[in-house]
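Counting starts at 1 for both ligands and their atoms, in listed order. Heavy-atom basis, side chains included; hydrogens, waters and symmetry copies ignored.
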Amino acid sequence: MDIWQEVLRLLRNELTPTAINTWFSDCEPVDLEECRLVIRTPSDFKRNIIASRFASSIKAALTDIFSCDFDLLILVGDEEYEKEGDVGSDEFPEMAGYTFENFIVGSSNKFAHAAAIAVAENPGKNYNPLFIYGNSGLGKTHLLMAIGHYIREHFPEKKISYIKGDDFTNELVKAIKEGKTADFRDKYRTADLFLVDDIQFIAGKQSTQVEFFHTFNYIYEAGHQIVITSDRPPMEMSLLDDRLRTRFEGGLMADIAPPDLETRMAIARNKATRLGLILPDDVIQYIASKITVNVRQLEGVIKRLTAYKDILNTEITKEAVDRAIEDVARKDPDIPKPESIIRETAKYYSLQPQDLKGNNRSKTTALARQVSMYLMRNLTNLSLNDIGSELGRNHTTTLSSIRKIEDLMHTDPKMSVIIRDITSNITTSS
Ligand code: ADP
Ligand code: MG
């Protein structure tokens, strides 16, 4: 397999010839699946070494080659190998726990939840497509999967297709290259339930959008259900083909906002209980007051606390919570640093970071400063005090600045676009 030679070539950049020779001379490629490379090595011993020392380099090489994440399966001797996806006829990955039962409903997600239930109970009937949008980590994928679970359970004859926006592009490109576009079309167009996660990735990619438009129409006209998630509503996807925008807006749109304190507490309690961790109310409240914008982080903190409890066997205190939060914040590449928020906001307005930190009260500077505060509030876990001190402002000024931008987001459509643009600059820069 050429790919394996290519992987070895990349490995040579970091490993010595002796290492390559010792571990890989009798290792052979077996299969290259959609997202998994299967290799075979003669002994258990070698498998363990390859798995512990080289797997991450091999995966990194595959990611370099294919620009997507890969798994590695290492077989030993004549161990049998079952192709992934050979079992089951549909393309719906089991995602343990992403069910309606495990979804905590609060005012921020009530509508999206109800819409998802309605669609799951009556697929293809009233709400087609269902378009769920909201920021990262607020439960869009969870609801999408919950619909899939429900339908698999209640309508087992229905064929479910699940795809992520960026995979749609990758698969399409691959299919075109290999002259297999007909297979590609069959695979998706025959779906009874078409689940598309993170559609924003196809915006701006012309040929993908055209193909998607046809796939969409085909499924839609057959009366089959389509559910789409996105990090923003169609009207804010500036590079989205107008025909697609119209299609999306013709269905039911449901947004998910960040959960309020009460919902965050309910989620924290639920996640903890499911992990067998009983937390006192004041600790739950403390966690929920600290993690405000992202359920994924909330979950990360609870998981860490469970680990602390298992390893250290101590009571969970507020200090332990602080440590867990710090850990999550450090490990979570999604959370940008305040410096990069300030830098990117300043850049957007053709200013310097010092301008935002200083006392200049010109209209543009003041607006940029408020925008950066708003972004810090939304993209990080910083408290109002922390945000204020990044810019030499107090907590009251910070709060009113954030409110001001929130108001503008409602009254001035341009503001939302500006926030999106700067956010995307921040996330791609850091
Ligand atoms: P998104 O797709 O919007 O980025 P996810 O659906 O991946 O977010 O959610 C991130 C994590 O938070 C998942 O583990 C999910 O189970 C959990 N989560 C989000 N919202 C809720 C909720 N309302 N109740 C329970 N868990 C939730
Ligand atoms: Mg998601």
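- Looking only at protein heavy atoms, the nearest one to atom 2 (O) of ligand 1 is T141 OG1, 2.7 Å.
- The ring of Y220 has its center no closer than 6.0 angstrom to the ring center of F213.
- The protein heavy atom nearest to atom 16 (O) of ligand 1 is H142 ND1, 2.7 Å.
- Salt bridge annotation for R377-E406: absent, with no cationic side-chain nitrogen under 4.0 angstrom from a carboxylate oxygen.
- The nearest heavy-atom contact from the protein to atom 7 (O) of ligand 1 is R296 NH2, 3.1 Å.
- Relative to the six-membered ring of Y308, R323 meets both conditions, a distance below 6.0 Å and an angle of at most 45° to the axis.
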| field | Criterion side-chain contact (heavy atoms from CB on, under 4.5 Å) on V119 and Y150, from CA distance to verdict | value | CA-CA 10 Å; V119 159; Y150 186 97; over 6 Å; no

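- Below 4.0 Å from some heavy atom of E299 lie the following atoms of ligand 1, by number and element: 11 (C), 12 (O), 13 (C), 14 (O), 17 (C).
- Judged by distance alone, the side chains of Y188 and E211 never bring a donor and an acceptor atom under 3.5 Å apart.
- On a distance-only criterion, G139 and ligand 1 share at least one N/O pair closer than 3.5 Å.
- Neither the backbone nor the side chain of D197 comes within contact range of ligand 1; no heavy atom lies under 4.0 Å.
- Shortest contact from atom 24 (N) of ligand 1 to any protein heavy atom: I104 N, 2.8 Å.
- On a distance-only criterion, F103 and ligand 1 share no N/O pair closer than 3.5 Å.
- Shortest non-hydrogen contact noted between I202 and Q209 is O-CG, 3.3 Å.
- In summary, no N, O or S atom of T229 is located under 2.8 Å from the Mg ion (ligand 2).
- Those atoms of ligand 1 that come under 4.0 Å of a heavy atom in N109, given as number and element, are 23 (N).
- No hydrogens or angles considered: nothing links the side chains of N122 and Y127 as a donor-acceptor pair under 3.5 Å.
- The contact set between ligand 1 and K271, taken as ligand atoms under 4.0 Å from a residue heavy atom, comprises 16 (O), 17 (C), 25 (C), 26 (N), 27 (C).
- For CD of E249, the number of neighbouring non-hydrogen atoms (other residues, nucleotides, ligands) closer than 6.0 Å is greater than 12.
- In terms of protein heavy-atom proximity, atom 25 (C) of ligand 1 is nearest to N102 O, 3.3 Å.
- The aromatic rings of F103 and H113 sit parallel to each other, their planes meeting at less than 30°, with 60° as the upper class boundary.
- The closest heavy-atom contact to atom 19 (C) of ligand 1, among the options V295, D198, V105, comes from V295.
- A heavy-atom distance below 4.5 Å is found between the side chains of L138 and P258.
- With respect to atom 4 (O) of ligand 1, the closest heavy atom belonging to the protein is G137 N, 2.6 Å.
- Close approach of ligand 1 to N135 (heavy-atom distance below 4.0 Å) involves ligand atoms 3 (O).
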